[in-house]
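Read the structure below first, then the notes.
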Amino acid sequence: MTTITAELHNRTKKKPIKGMMDNVMEQFYSAADHIELHPNIRKILSITNNEIIVHFPVKMDNGDVEVFTGYRVQHNNALGPYKGGLRYHPTVDIDAARALAMWMTWKSSLAGLPYGGGKGGIQLDPSKYSAGELERITRRFTFALGDNIGPEHDIPAPDINTNSQTMAWIADTYMSTRPPAERTANQHVVTGKPDGSGGLEGRDRATGYGVFLNIKFWAARNNESLSNKKFIVQGFGNVGYWASHFLEKNGAKLVAVQDAFGSIRNTNGINVDDLFNYTQVNNGSIVGFPEAFDLDNEKFFTSECDICIPAALGNQITRTNAPKIKARLIAEGANGPTNVEGEKILIDRGITIIPDILCNSGGVIGSYFEWLQNRNGELWQLSEVMSKLDKKMKESFDKVYDFSEKERIDLRKAAYCIAIKRIEKAYVQRGIFP
Ligand code: GLU
């Protein structure tokens, strides 16, 4: 295991997703300037606390051994244990993990949760491995992380290409490697577990529902109805699907979708559940859906619509497509989908962005509910979960919207200011050890 502390920010030139870290740092500095953040706290928050990189061997189905690289970056824990997902994707590297960990710090703080921020994952393409191989990879990764995760220290959750099954394997491995008396008391080492294994009813839809709620709150503030609003979604995984599901139920119309395999459109509307059912028998892909037409990938973001929901990877809206985007609202289901250059163009064009740390925070709020449920030995009902989520999302949205109007700043900067101020307060109260 290698723990990097000195080599921070010595980022490689060949990063698969360019500039995730550059974006989050620029967003942070711009808000820090606005609130005149104390220089000492700026220094602390500019850098990650811990960076764990593990290399571990796993036996493949054919008997060969493959060595994988896993990451866990712990950005800040001033407000509580590190919290954030584990992503299985070829773009996972130290730069991505750092940026995503920082976004978790701001997200947890903004949502008023007792958590800091962390993120990690494994650089791999899960479609190339069998279920058995993925299980062994996950269990061996958990073992390699050892005490770097823990229910009161660092609590992973699902992210891209990881799900409740992945979390169940992590929880089982973690608990199985504790001393006997501590085994069952540790299931809240991860959130996003299956319903039957300490998971929270509704955690699956929490992020997408939160995205929908933010759009609903935005519409209400602008005296608009969701009825017949056209929306497009990039990514039809957990977030994209559930956001679309709730929007459709509220009268909006899905007109274009993009996933890792291609893009489709139908200006008369795409039925969300029909599309979801199609993906289930089409290797997870939307391509070829009979009730829609193929669309060139480059034309997706510039499709005619009112609302655009990027719910896949980072850096998707850039200076290349931002000038031609038709949507009036961008609701960021993904983390970091709009880069700084793209954002400037959108803001100049009067397009509103509901920023990731607000828009997709339903997931980590749901995780917090699950963690509380496990810690207190409770089982919450779905209706209770949804109404609690609704209340928390509304509080966050109102705080951000009001602050942005008061200070005449965009929603992202407002969200960052609120998030950073809460962390600043904790540092001011506690001081710096020793
Ligand atoms: N991966 C999700 C996110 O980016 C959820 C994190 C969590 O629940 O800890 O917000």
Side-chain angles (χ1 to χ4, degrees), residues 17 20 24 71-77 79-89 91-92 96-122 149-164 166-167 170-171 188-194 198-200 202-211 213-214 235 237-240 242-243 310-314 331-337 354-374 385 388-389 392-393 396 415 419:
I17 291 185
M20 292 254 273
V24 68
Y71 301 87
R72 186 68 182 172
V73 171
Q74 299 167 335
H75 171 241
N76 189 273
N77 62 350
L79 297 175
Y82 303 105
K83 185 84 191 82
L86 290 174
R87 174 177 291 201
Y88 288 0
H89 198 269
T91 59
V92 172
R98 282 175 183 151
L100 291 159
M102 274 200 180
W103 275 313
M104 285 311 304
T105 300
W106 318 139
K107 199 186 297 185
S108 302
S109 175
L110 177 66
L113 305 179
Y115 290 142
K119 198 75 153 217
I122 308 175
I149 58 169
E152 308 291 330
H153 170 52
D154 184 349
I155 308 138
D159 198 86
I160 293 172
N161 292 335
T162 55
N163 53 27
S164 58
T166 324
M167 297 305 118
I170 297 177
H188 53 309
V189 62
V190 283
T191 55
K193 298 180 290 293
L200 180 84
R203 174 64 185 83
D204 56 349
R205 69 204 67 182
T207 314
Y209 183 60
V211 171
L213 286 176
N214 273 286
N238 208 28
V239 183
W242 282 108
L313 291 168
E332 294 186 334
N335 292 308
I354 306 180
D356 45 10
I357 61 167
L358 170 66
C359 197
N360 70 37
S361 62
V364 72
I365 295 172
S367 280
Y368 170 59
F369 294 159
E370 179 173 329
W371 186 74
L372 281 183
Q373 179 192 261
N374 295 160
V385 172
K388 283 194 159 106
L389 191 58
K392 249 189 156 334
M393 299 292 317
S396 293

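Keep in mind that what you see is a predicted model, and the values were worked out from it rather than measured. Both ligands and their constituent atoms are indexed starting at 1 by order of listing.
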Contact set, ligand 1, heavy-atom distance under 4.0 Å, ordered by chain/number, equals K83, G84, G85, M104, K107, K119, A157, P158, D159, R203, N335, G363, V364, S367

Check: D159 side chain, T162 main-chain N or O, donor-acceptor pair, under 3.5 Å: no

For residues 359-366, please give each side-chain donor-acceptor pair under 3.5 Å, one per line with the distance, not counting sequence neighbours.
from	atom 1	to	atom 2	distance (Å)
N360	OD1	K107	NZ	2.8
N360	ND2	G333	O	3.1
N360	ND2	A334	O	3.0
N360	ND2	N335	OD1	3.0
S361	OG	L358	O	2.8

**Item:** Check: S109 side chain, W106 main-chain N or O, donor-acceptor pair, under 3.5 Å
**Value:** no

Donor on one side chain, acceptor on other, Q373 and H188, under 3.5 Å: no

Closest non-hydrogen contact found for Y115 with S108 is O-CB, 3.5 Å

Taken to the nearest 0.5 Å, the spacing of M104 CE from L113 CG works out to 8.5 Å

